[in-house]
Protein chains: 2
Amino acid sequence: MNTPALSVRHNHFLHGGATAIPRPRSIATSTSPFRVRMSLQENGPSVAVVGVTGAVGQEFLSVLSDREFPYRSLKLLASKRSAGKSMKFEDRLYTVEELTEDSFEGIDIALFSAGGSISKKFGPLAAQKGTIVVDNSSAFRMDENVPLVIPEVNPEAMAHVKLGSGKGALIANPNCSTIICLMAVTPLHRRAKVKRMVVSTYQAASGAGAAAMEELVQQTREVLEGKEPTCNIFNQQYAFNLFSHNAPVQPNGYNEEEMKLVKETRKIWNDMDVKVTATCIRVPVMRAHAESVNLQFEKPLDEDTARDILKNAPGIIIIDDRASNRFPTPLEVSNKDDVAVGRVRRDVSQDGDYGLDIFVCGDQIRKGAALNAIQIAEMLL
Amino acid sequence: MNTPALSVRHNHFLHGGATAIPRPRSIATSTSPFRVRMSLQENGPSVAVVGVTGAVGQEFLSVLSDREFPYRSLKLLASKRSAGKSMKFEDRLYTVEELTEDSFEGIDIALFSAGGSISKKFGPLAAQKGTIVVDNSSAFRMDENVPLVIPEVNPEAMAHVKLGSGKGALIANPNCSTIICLMAVTPLHRRAKVKRMVVSTYQAASGAGAAAMEELVQQTREVLEGKEPTCNIFNQQYAFNLFSHNAPVQPNGYNEEEMKLVKETRKIWNDMDVKVTATCIRVPVMRAHAESVNLQFEKPLDEDTARDILKNAPGIIIIDDRASNRFPTPLEVSNKDDVAVGRVRRDVSQDGDYGLDIFVCGDQIRKGAALNAIQIAEMLL
């Protein structure tokens, strides 16, 4: 899920016109163009974006603007290679600066998405200087001193982190698959307590970065033309195919992506007893993940109650129209904030009302990464 | 699974050249072109293929030839629309005949793949005339008087059906997802008894017929060109997207495809107690299905033993290379007979050795339909 620095903002296809990615009105859209932006404010925090040229870095800017996140100043940081580039944001021109040890002087909040090794090196440095770091990499997620936060799920984990206290901190953004899964499952867990969860994912190209999205497009063109597909990012054909997630496989046979779902769920729910298994699969879809989730509960929970709970859950939209066979799809949630849930039904393989099957879709770059990080930053305001 | 009559034999892309569909040597390939075909034999049965112009009908011919199925005579049957067409098979020209009530006079074995309503009308008629019907539709699968057979799994279910006895019969071919799943799971079930199975599918276009495969290609071209995708077969964009299986949803919230997995598993295993749940999803892949399967066993079964059992199971190939992250993919099993299994690992969400996760891929048109039907016919010889 770490995303290399390569901008996709200008690729119309990846971001989808009205054609490729229909936007039903029922899903939250961006703010109206008629509103006057008030985000540049004297009393806002000073903000830095680390890895600003990457897919998630660019989405950080897009979400900051969409949500009118207040800021006194904005610093755009990237590697030496990108330093000096000009970038327009909310009608002002910024120059991308090289990330160095001195970059965080006077910075209140830094949003990191430049890979785990950059986070490991510069995150603690920034925190020492009094910056609150919201980190999108996996570097600190399982560090017991670092809160791992989905704002709708466990805001209490970061209650001790205060802006303006002069004390810096690290806060970790969970992995995309975990965020999308727990957005849907947590409201049900609060009511009936999940004992065991079996997850199978259908993950988009975007999780492997902008270059992977471009490779999928290129390969698809090549296969349609009868040519040999180009395999740079992945070691096999991705177009019209799918494969086990490319994260390294651990000695227990699970890949790292799967174990993130297992371990992060326990930490976020603060429940070391919850049983989770996952099979993570990469499918030829652009930027939104889907997940098939089977749930076993401690207390009974019928499907109508489950649907009511989800209907009232923040950040969730229900698409569950059995008569017209309309359920969540990755395309429908692409470029959207909300996570969509459907196929809510009593599990016929469990007795009584102790089991449910659901199907969940969420935008990997947005709620799976940039949006969640900025919601964390908003809780500091 | 039901495949409308529309030939795809001449679409190079769908069937894949060396480019799109690499064929590893480890998977069984077709018979050598140097062998002299001996299938047209005086002492072979008289064979009819019903729905010969469809994708599965065409695959029937291909598999009959590959496996040198012996036949005394061959009758190619289809709707009135296709009657009169010429079709070459094993160096002889045949004329496609219209399917009528009189088509089965003197026919020993009839392979049906022309949809449920044709099977319902003509299957019992043929059986009355002494023909043994192997039916690929869902018409008779749950009929308690009709055996539902995967030859590697439950050959005993059709032991009472004898060729040359003068008595006709109906034998049903299971649904593609069920065949592919049970090919992998049955060898493990025999050793450790499956108590509960949670399946999530990744299903190819071919299951919805040749026209659906063509629509996926067309839509993909259109999306790459920035055009509105054409939606005829499916009611939404399929290219770079995925969606809940298009089978009608039943009152219990499961779609028919999912309930086939639930019910057919019970019948094939002759085990009314086995618990099965399934979530069936259509992914933008051409002709092979993938399935993520979570298993709960009655008796312990460690992953090494499971791998050994699968290694020796007929019709199964193991692709499970953790070090190089190489596991089964739909592309790798396309146009292949064997079902591939990988990601075999102890389920971390279950105590001890009572649970396994596996990932399975199989060609939907071949083992999922035509090959399985012809293997059933072979057992009659």
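What you see is a predicted model, and the numbers here were worked out from it, not measured in a lab. Naming convention: chains lettered A, B, ... in sequence-line order (proteins, then strands); numbering from 1 in each chain.
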Using a cut-off of under 4.5 Å for heavy-atom pairs, which of [options] has the most such pairs with chain B?
| options | value |
| --- | --- |
| A:Gln219, A:Glu303, A:Gln296, A:Met259 | A:Gln296 |
| A:Asp320, A:Asp357, A:Asn246, A:Leu216 | A:Asp357 |
| A:Val198, A:Val249, A:Val283, A:Leu242 | A:Leu242 |

Side chain / backbone / both / neither for [X] at chain A, heavy atoms under 4.5 Å:
| X | result |
| --- | --- |
| B:Ala278 | backbone |
| B:Glu222 | neither |
| B:Asn241 | both |

With sequence neighbours excluded, give me every salt bridge (Lys or Arg N to Asp or Glu O under 4.0 Å) pair touching residues 195-213 of chain A.
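Those involving residues 195-213 of chain A are A:Arg196-B:Asp347.
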Part of [X] within contact of chain B (heavy atom distance under 4.5 Å):
| X | answer |
| --- | --- |
| A:Arg343 | side chain |
| A:Glu225 | neither |
| A:Gln236 | side chain |
| A:Asn255 | both |
| A:Ala323 | neither |
| A:Val276 | backbone |

Is B:Arg345 reaching over with its side chain to a backbone N or O of A:Asn252, donor-acceptor style, under 3.5 angstrom?
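No, because the side chain of B:Arg345 does not come within donor-acceptor range (under 3.5 Å) of the backbone of A:Asn252.
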Are any side-chain N or O atoms of B:Tyr202 and backbone N or O atoms of A:Ile281, one a donor and one an acceptor, separated by less than 3.5 Å?
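Not confirmed, B:Tyr202 side chain does not pair with A:Ile281 backbone.
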Relative to chain A, which of B:Asn235, B:Val262, B:Val348 shows the most heavy atom pairs under 4.5 Å?
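Most heavy-atom pairs within the cutoff with chain A belong to B:Val348.
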Using a cut-off of under 4.5 Å on heavy-atom pairs, state which of B:Ser324, B:Pro328, B:Pro284, B:Gly253 scores highest against chain A.
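Most heavy-atom pairs within the cutoff with chain A belong to B:Gly253.
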Inter-residue atom distance A:Phe359.CZ - B:Phe243.CZ, 0.5 Å rounding
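Between atom CZ of A:Phe359 and atom CZ of B:Phe243 there are 11.0 Å.
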Looking at OH of A:Tyr254 and CZ of B:Arg346, how far apart are the two atoms once the value is rounded to the nearest 0.5 Å?
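Atom-to-atom, A:Tyr254:OH and B:Arg346:CZ are 7.5 Å apart.
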Looking at side-chain heavy atoms only, is the closest gap between B:Leu224 and A:Leu224 below 4.5 Å?
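Sidechains of A:Leu224 and B:Leu224: in contact.
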Taking atom CG as the centre, does B:Asp351 end up with more than 12 heavy-atom neighbours from other residues, nucleotides or ligands that are less than 6.0 angstrom away?
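Incorrect, the count does not exceed 12.
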